[in-house]
Amino acid sequence: MNDQTQTHTQTKTQHQTRHRTIIAVSAAAALLAGTVSLSACSSATEQTAGSESGPLQDRMQSLVDAGYPAALASVIGPDGEAIDVAAGIGDLATDEPAPVDGEVRIASNTKMFVSTVVLQLVQEGKVALDAPIDTYLPGLITGDGIDGTRISVRQLLQHTAGLPEYADQIAADAFAAQERYISPRDMLEIALAKPAVFAPGERWAYSNTNYLVLGLMVEHVTDRALAQQIDERIVKPLDLEHTYFPAPGELELRGEHPHGYHAKTVGDLLDITALDTSFAWSAGALVSTPHELNVFMKALLDGELLEKETLAEMQTTVPAGDELWPGAGYGLGLQSYPLSCGGVAWGHGGDIPGTQTRNAVGPDGTAVTIAVTSLPWAVVSPDDNERLMQQYRIVVDALDATLCER
């Protein structure tokens with residue numbers, strides 16, 4: 001792999017007039033009150049070179065050295081100062097360096113946006129957290145051991161509903177799904193053909209189907225497209241110029257971006273940048289940049305998007321720790337992570353063929369997003385669980401180190 005790297009540091013000051021795991025993955029498939037009034041964020045951007053980017057740049061280069069084609073990172077400190085860096089190759093066909101703060105598919109981070117919309121609807125009195133989903137989608141959620149009258153909106157948001165996964169079947173072959181459109185209702189039909197995993201509320205288990213159902217609920221309650229709701233409620237108020245829900249049939253990324261890579265044979269990286277993400281929809285289709293994802297997370301946790309009481313509900317967690325990040329908890333579309341230096345960070349993360357993203361906001365308000373341009377099993381054999389987990393862990397460790405040390 002070409003060792004070219006690119007280092008750019010951007011300092012961005014955010015002026016605001018008001019206060020303010022993972023998309024489910026298997027070795028075979030990855031995806032993967034009243035309205036709050038918000039003022040837009042404006043920012044002045046100046047490119048500089050500074051020593052502050054050194055440790056962050058080194059961490060990104062270490063991810064490239066470990067086999068990822070490129071690594072992008074953004075940090076926004078408590079004072080609003082931002083550092084953005086990139087390492088590695090953005091296009092293996094041309095050896096073009098990875099662009100700083102390029103657009104990437106943020107996969108399961110989409111769930112934070114969908115949850116925020118749902119919780120705004122709760123604030124508006126249009127949805128009740130503990131009402132059964134059958135209230136809003138009557139007769140739709142039913143199957144073997146599946147009863148929409150017994151599954152609450154809260155349980156869907158928190159992955160305690162027991163609904164079976166649809167994505168393992170839809171995206172088992174990423175390249176076969178690359179240019180294929182599938183509707184949300186067709187995906188739901190695939191999920192509901194399977195039996196329930198457990199009774200509602202019995203335990204926690206991540207399922208993209210939960211957010212598929214929530215996306216359908218948002219559209220039914222608002223009589224508007226989910227993409228429009230995310231755009232009007234979050235993207236436009238925060239002035240996020242590179243955050244969007246791809247239109248049906250939109251395969252290419254709109255702005256400057258690194259290419260994403262996947263593999264049929266480990267190490268034989270193939271370009272999968274052009275991708276129909278209909279299979280991810282409300283569970284993971286959004287596009288953003290590392291910096292803009294940080295802006296969103298900070299706004300969410302600073303109370304710009306939700307009222308204090310609603311945000312507290314969002315941050316009420318159940319245990320969701322695993323081998324990758326022991327001690328993690330899952331709230332309502334928001335995950336908590338214990339840091340090695342103490343304290344808890346809040347964020348999510350996401351995987352989709354071609355991109356892995358890890359991101360969170362630390363106790364002091366520092367926001368960090370790291371994106372690499374392939375999934376671990378594109379560069380490490382999925383049959384070697386130890387190496388596969390290590391390849392995942394190095395990205396998580398880079399996030400932890402950056403939140404702890406900047």
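Between the side chain of T316 and the backbone N or O of A312, at least one donor-acceptor pair lies under 3.5 Å. Formation of a donor-acceptor pair under 3.5 Å by the D101 side chain with backbone atoms of H291 is found in this model. Proximity of a side-chain donor or acceptor of D268 to a complementary backbone N or O of T265 within less than 3.5 Å is not detected. Using a distance-only test at 3.5 Å, with no hydrogens or angles considered, a donor-acceptor pair links the side chain of T373 to the main chain of A70. Not one N or O on the side chain of T366 forms a donor-acceptor pair closer than 3.5 Å with the backbone of L403. For the pair W204 (side chain) and Q158 (backbone), a donor-acceptor distance under 3.5 Å is present. E219 places a side-chain N or O within donor-acceptor distance of the main-chain N or O of L226, the cut-off being under 3.5 Å. At distances below 3.5 Å, not a single donor-acceptor pair connects side-chain atoms of T310 with backbone N or O atoms of L119. Using a distance-only test at 3.5 Å, with no hydrogens or angles considered, no donor-acceptor pair links the side chain of E232 to the main chain of Q229. For S374 (side chain) and Y261 (main-chain N/O), no donor-acceptor pair under 3.5 Å exists by modelled atom type.
When only modelled atom types and interatomic distance are considered, N294 and N359 share no side-chain donor-acceptor pair under 3.5 Å. With 3.5 Å as the limit, one finds a donor-acceptor pair spanning the side chains of D186 and S183. In summary, the side chains of S288 and Y244 do not present any donor paired with an acceptor at a separation below 3.5 Å, with no hydrogens or angles considered. A donor-acceptor pair shorter than 3.5 Å can be found between the side chains of Y206 and K111. Side chains of R59 and T402: a donor on one and an acceptor on the other come within 3.5 Å. One side chain, H259 or D271, offers a donor N or O that lies under 3.5 Å from an acceptor on the other. In the model, Y68 has a side-chain atom that pairs as donor or acceptor with a side-chain atom of Q356 under 3.5 Å.
For R224, the CZ atom counts as loosely surrounded, since its 6.0 Å shell holds 12 or fewer non-hydrogen atoms of other residues, nucleotides or ligands. No more than 12 heavy-atom neighbours from other residues, nucleotides or ligands sit within 6.0 angstrom of CZ on R150. The number of heavy atoms from other shown groups lying within 6.0 Å of CD (Q228) is above 12.
With ring centers used as reference points, Y337 lies 6.0 Å or more from H348.
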Requested in this report: Evaluate the salt bridge (Lys or Arg N to Asp or Glu O under 4.0 Å) criterion for residues E250 and R105: first the C-alpha distance (whole Å), next the side-chain angles of each, then the deciding distance (0.1 Å), finally the verdict.
Outcome: CA-CA 13 Å; E250 184 178 8; R105 302 189 190 278; over 6 Å; no

Query - Residues V380, M389; criterion side chain to side chain contact (heavy atoms under 4.5 Å, CB included); working and verdict - result: CA-CA 10 Å; V380 173; M389 291 305 298; over 6 Å; no

Requested in this report: Take V197 and L163 through the test side chain to side chain contact (heavy atoms under 4.5 Å, CB included) and record every step on the way to the result.
Outcome: CA-CA 6 Å; V197 180; L163 290 182; over 6 Å; no

Report task. Evaluate the side chain to side chain contact (heavy atoms under 4.5 Å, CB included) criterion for residues I133 and V213: first the C-alpha distance (whole Å), next the side-chain angles of each, then the deciding distance (0.1 Å), finally the verdict. Result -> CA-CA 9 Å; I133 189 59; V213 173; 3.7 Å; yes

Requested in this report: List the steps, then state whether salt bridge (Lys or Arg N to Asp or Glu O under 4.0 Å) holds for D400 with R358.
Outcome: CA-CA 10 Å; D400 178 84; R358 296 293 176 262; over 6 Å; no

Requested in this report: Please step through side chain to side chain contact (heavy atoms under 4.5 Å, CB included) for the pair L301 and L334, ending with a clear verdict.
Outcome: CA-CA 10 Å; L301 292 165; L334 190 64; 4.0 Å; yes

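Once rounded to the nearest 0.5 Å, the distance linking CD of Q61 with CD of Q57 reads 7.0 Å. For the atom pair CD1 (I170) and CD1 (I190), the distance works out to 3.0 Å, reported to the nearest 0.5 Å. Atoms CD and CG, from Q390 and D397 in turn, are 9.5 Å apart once rounded to the nearest 0.5 Å. Here the CD1 atom belonging to I141 is positioned 11.0 Å from the CE atom belonging to M217, to the nearest 0.5 angstrom. The CZ atom of R393 lies 9.0 Å from the CD atom of E386; values are rounded to the nearest 0.5 Å. Residue L129 holds its CG atom at 6.0 Å from CG of L332, rounded to the nearest 0.5 Å.
The shortest side-chain heavy-atom distance between I234 and F296 falls under the 4.5 Å cut-off. Considering only heavy atoms from C-beta on, T289 stays 4.5 Å or farther from E256 through its side chain. Taking 4.5 Å as the limit, every side-chain heavy atom of V75 sits out of range of all side-chain heavy atoms of E81. By the 4.5 Å heavy-atom criterion applied to side chains, L188 and Y166 are not counted as neighbours. Looking at heavy atoms from C-beta onward, E202 lies out of side-chain contact with T160 at the 4.5 angstrom threshold. Between T357 and L293, the closest side-chain pair of non-hydrogen atoms falls below 4.5 Å. Between H262 and F175 there is a side-chain heavy-atom pair separated by less than 4.5 Å. Side-chain contact between V104 and H257: absent, with no pair of heavy atoms (C-beta onward) separated by less than 4.5 Å.
Across every non-hydrogen atom of S340 and C404, the tightest pair is OG-SG, 3.7 Å. A pairwise comparison of heavy atoms in E165 and S207 identifies OE1-CA, 3.5 Å as the closest pair. Nearest heavy-atom pair, I76 versus A82, reported as atom, atom and distance to 0.1 Å: CG1-CB, 4.1 Å. Of all non-hydrogen atoms in N210 and A161, the two that sit nearest each other are OD1-CB, 3.6 Å. Contact detail for T273 and G260: the closest heavy-atom pair is OG1-N, 2.9 Å. Closest heavy-atom contact between M112 and M314: O-CE, 4.1 Å.
The side-chain contact (heavy atoms from CB on, under 4.5 Å) test applied to D276 returns Y181, L251, S278, not counting sequence neighbours. Among residues two or more places apart in sequence or in another chain, the side-chain hydrogen bond (donor to acceptor under 3.5 Å, both in side chains) test is passed with D134 by none. Checked against salt bridge (charged side-chain N to carboxylate O under 4.0 Å, His left out), D130 has the following partners two or more places apart in sequence or in another chain: R154.
Ring planes of Y211 and H159: tilted class, angle from 30 to 60°.
Remark: of the listed residues T110, L286, I352, V287, I352 is the sole one forming a side-chain contact (heavy atoms from CB on, under 4.5 Å) with T277.
Remark: E292 does not engage K298 in a salt bridge, criterion side-chain N to carboxylate O under 4.0 Å. One finds a salt bridge joining K236 and D231 here, because a Lys/Arg side-chain nitrogen approaches an Asp/Glu carboxylate oxygen to under 4.0 Å.
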